[in-house]
Engineer: 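Below is the structure I would like to discuss, written out as structure tokens.
Residue numbers begin at 1 in each chain, while the letters A, B, ... track the order of the sequences. Reckoned from all heavy atoms, side chains included, excluding hydrogens, waters and symmetry mates. The model shown is predicted, which means the values in this text are computed figures rather than measured ones.
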Number of protein chains: 2
Amino acid sequence: MTRPAVILDELDRKIVAALVANARTSFAEIGAAIGLSAPAVKRRVDRMREAGIITGFTAIVLPAALGWRTEAYVEVYCDGAAPPRRLAEVVRDYPEITAAMTVTGGADALLHIRAADIQHFEEVLERIRAEPFIRKTVSQIVLSHLITGSPESGATNSR
Amino acid sequence: MTRPAVILDELDRKIVAALVANARTSFAEIGAAIGLSAPAVKRRVDRMREAGIITGFTAIVLPAALGWRTEAYVEVYCDGAAPPRRLAEVVRDYPEITAAMTVTGGADALLHIRAADIQHFEEVLERIRAEPFIRKTVSQIVLSHLITGSPESGATNSR
DNA sequence: GATGAAACTGGAGGGCT
DNA sequence: AGCCCTCCAGTTTCATC
């Protein structure tokens, strides 16, 4: 799945950083900043898209503006040896679950959930708890964000 | 901060969905899909950007491809009445912290951290634990993702 | 093999009806 | 909101080192 076959040099990293900061930055502008021509930048971007390093471009939207004002992380504890495959299938049926992952620690999985409001969240939670192999859940409702930025964006500085 | 003054109709929502799916979709293409002309689509997008509903456009990058192969959620417990303001300042100094939020429950805050590897993560964790008002931390290291997609993307279906 | 320059194509952006 | 027009960026081709 993940093929780190393509090696990224400093120029590639700068191009990625520029596109993450603003996906609409023109190739000419990026090129001017790093000392490359527009076609050269495009070739590198195409290569990185082909390699799966850049998987797409998306608009950043405030979930609250779309009516999703409640956000929570839910730890899921399963019965016995809960198969992650089975959990993945269930999780896919909930549009409110925006991220799901297996984690170390007592919980089997951690879910990120977006709901319209607390009532909606409770309803989703009850549906999840009703799944056959779910033993218990522990919810942490997000009160406020201390920093802006998505959990999916990688750190931007060098190590 | 958040002004839900602008009302989004069904067309706006479809435009947003199209741009979230692919920020490079042309206005003409979006217009053809929803029965609007390209300039009309552009005007709506401009209006939503002005209103702060669409805050920008970004490239989706696999963190692993950039060398960030370890991901974790860390619950932070603070001494006494820890001021969230103070925590926000500290959190800003760590590029490895890609998200930080206050949450309900025993923990005062939840951090999302990306590190190059376990060694790097441990180093970051030790630095965080050395902060004066941090009492303890509880880490959940992400093993694998069950579904793809960013926690920041809103649910896509209607309620 | 990758880069830079030039030519072509298509969408963005503004004004007008 | 739709139509038209201008301009610029994206994209391809070709020559170069």
Engineer: Starting from the C-alpha separation in whole Å, work towards a yes-or-no answer on side chain to side chain contact (heavy atoms under 4.5 Å, CB included) for A:H112 and B:H112.
Structural biologist: CA-CA 12 Å; A:H112 180 261; B:H112 179 262; over 6 Å; no
Engineer: Can you find a donor-acceptor pair, distance only, under 3.5 Å between B:R43 side chain and D:dG2 base?
Structural biologist: yes
Engineer: Return the value, rounded to whole Å, for the distance between atom CD1 of A:I30 and atom P of D:dC8.
Structural biologist: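 To the nearest whole Å, that distance equals 19 Å.
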Engineer: With the threshold set at 4.0 Å, does a side-chain nitrogen-carboxylate oxygen contact exist between A:E71 and A:R114?
Structural biologist: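 Here A:E71 pairs with A:R114 in a salt bridge, since their nearest N and O are under 4.0 Å apart.
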Engineer: Could you give the CD1-to-P distance, from A:I15 to C:dT3, as a whole number of Å?
Structural biologist: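 Nearest whole value for this atom pair: 9 Å.
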Engineer: Give the nucleotide from the list C:dG11, C:dG14, D:dG2 with an atom nearest to the side chain of B:S26.
Structural biologist: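 Output: C:dG11.
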Engineer: Determine the sole option in B:V16, B:L19, B:T55 for which the side-chain contact (heavy atoms from CB on, under 4.5 Å) test with B:M48 is passed.
Structural biologist: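 It is B:V16, the one option of B:V16, B:L19, B:T55 that forms the side-chain contact (heavy atoms from CB on, under 4.5 Å) with B:M48.
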Engineer: Quick one: B:R47 CZ to C:dG13 P, roughly how many Å, whole number?
Structural biologist: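 Going from B:R47 (CZ) to C:dG13 (P), I get 17 Å.
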Engineer: Could you state the CG-P distance from A:D9 to C:dG1, rounded to the nearest angstrom?
Structural biologist: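 Taking atom P of C:dG1 as the reference, CG of A:D9 is at 18 Å.
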Engineer: Any idea which of C:dA12, D:dT11, D:dA1 is nearest the A:F27 side chain?
Structural biologist: D:dT11
Engineer: Out of C:dG14, C:dG4, D:dA1, which nucleotide sits closest to the side chain of A:S37?
Structural biologist: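 Per side-chain heavy atoms of A:S37, the pick is C:dG4.
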Engineer: Does a side-chain N or O from B:R44 land closer than 4.0 Å to OP1 or OP2 of D:dA1, or not?
Structural biologist: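 So the side chain of B:R44 is within the cut-off, an N or O lying under 4.0 Å from OP1 or OP2 of D:dA1.
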Engineer: Quick one: is D:dT12 close enough that its OP1 or OP2 comes under 4.0 Å of any side-chain N or O from A:K42?
Structural biologist: yes
Engineer: In sequence, state the C-alpha distance, the side-chain angles, and the governing distance for B:T102 and B:D108, and then conclude on side chain to side chain contact (heavy atoms under 4.5 Å, CB included).
Structural biologist: CA-CA 6 Å; B:T102 54; B:D108 293 295; over 6 Å; no
Engineer: Atom CZ of B:R24 to atom P of C:dG11: distance rounded to whole Å?
Structural biologist: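 It works out to 14 Å between those atoms.
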Engineer: Distance check needed: D:dG10 P versus A:D46 CG, whole Å only.
Structural biologist: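 Distance check: A:D46 CG to D:dG10 P gives 12 Å.
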